[in-house]
Peer 1: 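Next up is a structure, given as structure tokens.
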There are 2 protein chains.
Amino acid sequence: MAGPLTIGRVAKATLCKVQTVRYYEKIGILPSPGRSAGNQRIYEQSHIERLAFIRHARDLGFTLKSVRELLSLADQPDQPCDVADTIARKHLLQVETRLERLLSLKTELKRMIHQCKGGQISDCRIIQVLHDHHLCLGGHQ
Amino acid sequence: MAGPLTIGRVAKATLCKVQTVRYYEKIGILPSPGRSAGNQRIYEQSHIERLAFIRHARDLGFTLKSVRELLSLADQPDQPCDVADTIARKHLLQVETRLERLLSLKTELKRMIHQCKGGQISDCRIIQVLHDHHLCLGGHQ
DNA sequence: CCTTGAACCTATAGTTACTAGAGCATTTAT
DNA sequence: ATAAATGCTCTAGTAACTATAGGTTCAAGG
């Protein structure tokens, strides 16, 4: 029932897809595991931990590039953590920018929808706004 | 000085890149313009308007697929605008979801950064949180 | 008129982070 | 023993562009 840590079990344990696990191996972010007699991947617990780290960082919106950096940091516990801090701060800035943008976008969409009263396309506020940028008051780009 | 509407002028007028204009033509979202004697694209005003529509919708975060739908609606002014409304509403929902997610993400990042006091990686909260999902209080997936 | 440099052309490949499919081998359960 | 599930590799597809290479055309200056 338990048996060896096949790719399917690892994927289930970390909530990511089987192909994604293989993909992470291929791009070198997850070490190649050993193989069974029949050439199937057999993982160790450490693989699961690394995968969990990756998935978690991705969930938080870090790019794989950043994840790579964070992982190499995590592998050197004696180093100072300024670099990790810098990565996180840079990411926070990006997140805040995206947040602002999405917020003004939401406002604009709400206004568009609110003013579209189910008439004809020719009177449709949504289409009008898309035609004439100056009709929208939001500060989006 | 004014001259014909070449691709460069159209791109400048709509704030998008020359390659992007060609790309939109290639994927069939922007009609192919006429050509000059020397095989260069010569646009009409209508192209600029359509491009502006596209860029504006993309700015608002609509996918090209949605833009395609909205454009085909815009081309039929006599139709009811329920469909445009539905597209916009669906998009609004997506935007709101993303917003929530980004917000909890921002909270989590801030806490991570706040608690990382420039020590060593072994004590770094950022790395710790990425290692152990349960350390983070945020509701992200 | 000629040249030079900017802008144009096509076609192809690269980006990010996966996801999906074909076609076959192995493992597990019955 | 067999059938279903899972695994394997390799390739291509996704979104929405962006970039490069290698060549043509156009507009302006001398």
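Here is the naming used below: chain letters follow the sequence lines, and residue numbers restart at 1 for every chain. The structure displayed is predicted, hence computed values, not measured ones. Because only heavy atoms are used, hydrogens play no part in the values below, and waters and symmetry mates are left out as well, while side chains stay in.
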Peer 1: Given side chains that start at C-beta, do those of A:Arg58 and A:Val67 come closer than 4.5 Å, heavy atoms only?
Peer 2: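 Side-chain contact under 4.5 Å: yes.
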Peer 1: Please check the phosphate of C:dT26 (OP1 and OP2 only) for any side-chain N or O of A:Ser36 closer than 4.0 Å.
Peer 2: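 No, because none of the side-chain N or O atoms of A:Ser36 sits under 4.0 Å from OP1 or OP2 of C:dT26.
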Peer 1: Any base atoms under 4.0 Å from A:Phe62, or only sugar-phosphate, or nothing? Heavy atoms, all strands.
Peer 2: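 If one applies the 4.0 Å heavy-atom cut-off, A:Phe62 turns out to touch nothing in the nucleic acid.
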Peer 1: Check nucleotides 19-22 of chain D for protein N or O atoms closer than 3.5 Å to its own N or O atoms and list the pairs.
Peer 2:
none

Peer 1: Nearest whole angstrom, please: distance from the P of D:dA15 to the NZ of B:Lys65.
Peer 2: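 After rounding, the gap between these two atoms is 9 Å.
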Peer 1: Hydrogens and angles aside, do B:Thr107 and B:Ser104 bring a side-chain donor and acceptor to less than 3.5 Å of each other?
Peer 2: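 On atom types as modelled, these side chains do not qualify, holding no pair under 3.5 Å.
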Peer 1: Roughly how many Å is it from CZ in B:Arg68 to P in D:dT14, rounded to a whole number?
Peer 2: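 Rounding to the nearest Å, CZ of B:Arg68 and P of D:dT14 are 12 Å apart.
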Peer 1: I want to check something: taking the side chain as every heavy atom from C-beta on, are A:His47 and A:Glu25 in contact at a cut-off of under 4.5 Å?
Peer 2: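 Counting from C-beta outward, A:His47 and A:Glu25 never come under 4.5 Å.
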Peer 1: So does A:Tyr24 get a side-chain nitrogen or oxygen closer than 4.0 Å to the phosphate oxygens (OP1/OP2) of C:dA17?
Peer 2: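 Result: no.
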Peer 1: Could you give the CD1-to-C1' distance, from B:Ile29 to D:dA15, as a whole number of Å?
Peer 2: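 So the two atoms are 12 Å apart, to the nearest Å.
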Peer 1: Are the side chains of B:Tyr43 and B:Ile48 in contact, using a 4.5 Å heavy-atom criterion?
Peer 2: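 A side-chain contact under 4.5 Å is absent here.
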Peer 1: Could you tell me how far apart A:Tyr23 (OH) and D:dT14 (P) are, to the nearest whole angstrom?
Peer 2: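 A:Tyr23 atom OH is separated from D:dT14 atom P by 17 Å.
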Peer 1: Does C:dA7 have its OP1 or OP2 closer than 4.0 Å to a side-chain nitrogen or oxygen of B:Thr6?
Peer 2: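 So the side-chain polar atoms of B:Thr6 never come under 4.0 Å of the phosphate oxygens OP1 or OP2 of C:dA7.
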Peer 1: Across the strands shown, which category fits A:Arg55 at heavy-atom distances under 4.0 angstrom: base, sugar-phosphate, nothing?
Peer 2: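 Counting heavy atoms under 4.0 Å across all strands, the contact made by A:Arg55 is with sugar-phosphate only.
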Peer 1: Rounded to the nearest angstrom, tell me the gap between atom CG in B:Leu15 and atom C1' in D:dC17.
Peer 2: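 Going from B:Leu15 (CG) to D:dC17 (C1'), I get 16 Å.
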Peer 1: Measure CD/A:Gln40 against C1'/D:dG7 and give the value in whole Å, please.
Peer 2: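 Those two atoms, CD and C1', are 4 Å apart.
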Peer 1: Between B:Arg125 and B:His114, is there a donor-acceptor pair closer than 3.5 Å when you use the side chain of the first and the backbone of the second?
Peer 2: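 Side chain of B:Arg125 to backbone of B:His114, a donor-acceptor pair under 3.5 Å: no, none is there.
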Peer 1: Counting only non-hydrogen atoms, which of residues 41-52 of chain B are less than 4.0 Å from DNA chain C?
Peer 2: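 By residue number: B:Arg41.
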Peer 1: Whole angstrom is fine here: how far is it from CD1 in A:Ile7 over to C1' in D:dT6?
Peer 2: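 So the two atoms are 10 Å apart, to the nearest Å.
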Peer 1: Which comes earlier along DNA chain D counting from the 5' end, the contact point of B:Arg58 or that of B:Ala37, where each point is its nearest nucleotide?
Peer 2: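 Between the two, 5'-proximity favours B:Arg58.
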Peer 1: Is B:Glu108 paired with B:Arg111 through a side-chain N to carboxylate O contact shorter than 4.0 Å?
Peer 2: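 So B:Arg111 pairs with B:Glu108 through a salt bridge.
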Peer 1: Can you tell if the side chain of B:Ile7 reaches within under 4.5 Å of the side chain of B:Arg22, non-hydrogen atoms only?
Peer 2: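 When only atoms from C-beta onward are counted, B:Arg22 and B:Ile7 do touch, with a gap below 4.5 Å.
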Peer 1: Just the rounded figure in Å: distance from P of D:dA12 to NZ of A:Lys26.
Peer 2: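 Spelled out: NZ on A:Lys26 to P on D:dA12 is 11 Å.
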Peer 1: Are the side chains of A:Cys81 and A:Leu73 in contact, using a 4.5 Å heavy-atom criterion?
Peer 2: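 In short, these two side chains do not touch, never coming nearer than 4.5 Å.
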Peer 1: Output yes when at least one side-chain N/O atom of A:Arg35 is less than 4.0 Å from OP1 or OP2 of C:dA25, else no.
Peer 2: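 Indeed not, no polar side-chain atom of A:Arg35 lies that close.
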Peer 1: Could you write out each protein N or O paired with an N or O of nucleotides 2-6 of chain C at a distance under 3.5 Å?
Peer 2:
none

Peer 1: Of all heavy-atom pairs between B:Leu130 and A:His56, which one has the smallest distance, and what is that distance?
Peer 2: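 Between these two residues, the closest heavy atoms are O-ND1, 3.6 Å.
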